[in-house]
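We name chains A, B, ... by the order of the sequence lines, and we start the count at 1 in each one. All values below were derived from every heavy atom in this structure, side-chain atoms included, with hydrogens, water molecules and symmetry-related copies excluded. Every value quoted in this text rests on a predicted model; they were computed, and no experiment measured them.
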Protein chains: 2
Amino acid sequence: MLSERIISTGRFANRPLYLQLRDALAERIAGGEWKPNAAIPNESDLAREFGVSAGTMRKALDLMEAERLLTRRQGRGTFVNDQSSDELAARFSNIRGADGKRLCGQVKSSQITEGPANEQECTRLRLRPDERVYRIHRVLQQKGQPFQVEDVTLPAALFPELEDKKVSVTERIIVLAQECGILLGRAEERVSLGAASAGVAQKLAIAPGSPLLVLDRIVLALDGRPIEWRMGWCHLGDRYYLAEMV
Amino acid sequence: MLSERIISTGRFANRPLYLQLRDALAERIAGGEWKPNAAIPNESDLAREFGVSAGTMRKALDLMEAERLLTRRQGRGTFVNDQSSDELAARFSNIRGADGKRLCGQVKSSQITEGPANEQECTRLRLRPDERVYRIHRVLQQKGQPFQVEDVTLPAALFPELEDKKVSVTERIIVLAQECGILLGRAEERVSLGAASAGVAQKLAIAPGSPLLVLDRIVLALDGRPIEWRMGWCHLGDRYYLAEMV
DNA sequence: AAGTGGTCTAGACCACTCA
DNA sequence: GAGTGGTCTAGACCACTTG
């Protein structure tokens with residue numbers, strides 16, 4: 001029950017063994033072999049399977065826990081994280097409600113279209129001009145009150161599942177990504193000031209020209225590929241934006 | 001040359017050995033025994049000194065590198081980070097210039113006062129009502145253009161060095177913290193929308209009522225104590241706010 | 001009691017830097 | 001070539017969870 005040695009034997013690896021192991025295990029998650037919330041084999045079984053020492057396997061698993069792919073619990077086991085869980089799905093949403101909790105707004109309305117990437121989309125998502133994108137326009141609401149209008153652009157090549165859902169997408173984008181075998185890495189968001197255009201004002205039921213927080217976010221996969229570009233126009237009200245820094 | 005065993009022997013520790021080691025080493029940095037930019041002994045010497053295995057000492061050092069206290073370089077050694085370096089000193093400043101670089105604005109003007117903490121300061125800095133604070137009012141500029149007004153509140157007990165400098169503080173607060181033996185942990189910043197009051201507008205040379213980004217930031221020490229509360233009113237111009245998420 | 005992850009040890013060799 | 005951190009191994013025991 002020994003997997004073939006991934007690339008190279010022992011200490012003559014081009015890349016450290018534990019990184020190769022991380023990639024191999026991440027592939028099992030991305031490929032759906034290991035499902036969200038499922039327990040994976042214990043570390044000594046995995047070490048045996050891959051022909052490495054337990055310590056090296058541990059290093060790979062610890063790294064994956066830091067990357068939020070796994071959760072390890074002493075005495076219980078190691079589990080695949082469910083990216084659609086409340087905690088993980090909202091991790092790139094910095095808008096907080098008055099209670100201080102991350103706000104995962106409900107989708108009030110949504111439209112999706114598809115077409116070739118324009119210049120700006122190519123730049124932000126590092127696409128070639130001939131590549132296609134999905135464009136999702138949404139209005140988010142909290143307790144029945146619309147508070148954010150957003151335009152999401154996704155590289156079509158990465159989201160085959162969207163082929164069917166040409167009408168509307170009320171799901172969280174992160175859930176889509178998980179279904180498409182995309183592992184999330186990090187994100188960065190530019191925050192600036194704006195005023196509500198007539199169209200936005202109408203959708204948010206506010207006066208045209210009202211001040212808005214403008215959010216411009218890129219989400220990157222674990223391998224560094226850009227997978228989402230989102231422009232948001234947010235009417236804060238009693239909400240606020242919270243950035244955490246280390 | 002064996003340090004006394006810090007708390008407990010080997011595997012009967014209440015807290016893991018590597019955490020006790022981290023604390024002991026961090027204390028050497030905070031206490032000024034190991035200066036910024038200096039090299040510290042290599043990991044096997046340290047392991048010997050503390051009577052632990054090299055692997056355990058490595059785990060402590062790796063943790064401290066993740067906490068941005070140390071930098072390790074293969075073939076060279078392990079060095080104490082200088083928190084006043086450009087990279088580290090600006091790490092909690094999310095305002096970026098047009099070039100995308102973190103903006104560490106120059107201090108245009110600065111006043112400092114001292115007094116008992118008010119209610120809000122007690123809440124934000126977790127102080128008792130009788131504790132005293134320093135209050136610093138500043139205007140920051142970039143290329144001669146003022147762009148941010150800020151009010152900084154610091155617990156007086158943590159910043160003994162400020163006793164002398166009652167006039168103005170043009171240094172970075174982080175540099176002060178380093179001199180006072182405070183190790184920085186993390187920060188969180190609330191971002192919201194505001195309009196320039198008459199006073200702020202005048203200091204920023206903009207029209208009263210102009211839209212501003214309002215920043216409300218708490219910086220915590222490595223041990224979790226709040227060490228700084230800062231309210232900022234920022235005229236963005238061609239600058240922007242960048243939040244990075246993992 | 002059995003099984004899991006968490007800590008710790010002791011030792012080997014590799015990759016890098018610098019005199 | 002000497003000295004550093006980085007990787008890897010093989011094994012022990014601890015702390016926690018569950019049946």
Rounded interatomic separation in angstrom, taking [atom1] from [X] and [atom2] from [N]:
X: B:Asn14; N: C:dT7; atom1: CG; atom2: C1'; value: 14 Å
X: B:Arg15; N: D:dA15; atom1: CZ; atom2: P; value: 15 Å
X: B:Gln20; N: C:dT7; atom1: CD; atom2: C1'; value: 12 Å
X: A:Leu17; N: D:dA10; atom1: CG; atom2: P; value: 12 Å
X: B:Ile40; N: D:dG5; atom1: CD1; atom2: C1'; value: 12 Å
X: B:Leu46; N: D:dG3; atom1: CG; atom2: C1'; value: 15 Å
X: B:Leu21; N: C:dT7; atom1: CG; atom2: C1'; value: 12 Å

Between protein and nucleotides 2-4 of chain C, what N or O pairs are separated by less than 3.5 Å?
from	atom 1	to	atom 2	distance (Å)
C:dG3	N2	A:Gly75	O	3.1
C:dT4	OP1	A:Asn42	ND2	2.8
C:dT4	OP2	A:Asn42	ND2	3.1
C:dT4	O2	A:Gly75	N	3.1

Problem set entry | salt_bridge(B:Glu87, B:Arg102) N-O dist < 4.0 Å | no

Looking at residues at least two apart in the chain, or sitting in another chain, which of them share a side chain to side chain contact (heavy atoms under 4.5 Å, CB included) with [X]?
X: A:Ala26; answer: A:Met64, A:Leu69, A:Leu183
X: A:Pro36; answer: A:Asp82, A:Gln178
X: A:Asp216; answer: A:Arg124, A:Arg190, A:Trp229, A:Met231
X: A:Ala89; answer: A:Arg172

Problem set entry | DNA chain C contacts among residues 56-69 of chain B, heavy-atom distance under 4.0 Å |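 Only B:Thr56, B:Lys59 qualify.
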
Exercise. Which nucleotide in the set D:dT9, D:dT7, C:dT7 lies at the smallest distance from any side-chain heavy atom of A:Val52?
Worked result: D:dT9

Exercise. In chain order, what residues pass the salt bridge (Lys or Arg N to Asp or Glu O under 4.0 Å) check against B:Arg126, with sequence neighbours excluded?
Worked result: none

Seminar exercise, completed: The side chain to side chain donor-acceptor pair (under 3.5 Å) partners of A:Thr123 (sequence neighbours excluded) come to none

For this session: Name all pairs fulfilling the side-chain hydrogen bond (donor to acceptor under 3.5 Å, both in side chains) condition that reach into residues 59-68 of chain B, sequence neighbours left out, sorted by first residue then second.
Result: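 Every pair satisfying side-chain hydrogen bond (donor to acceptor under 3.5 Å, both in side chains) with a residue in residues 59-68 of chain B: B:Arg22-B:Glu67, B:Asp62-B:Arg72.
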
Exercise. Is the backbone N or O of B:Trp34 less than 3.5 Å from a side-chain atom of B:Arg28, with the two atoms forming a donor-acceptor pair by type?
Worked result: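 No, because the side chain of B:Arg28 does not come within donor-acceptor range (under 3.5 Å) of the backbone of B:Trp34.
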
Problem set entry | Distance below 4.0 Å between B:Tyr18 side-chain N/O and C:dC8 OP1 or OP2 |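 For C:dC8, OP1/OP2 do not have a side-chain N/O of B:Tyr18 under 4.0 Å.
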
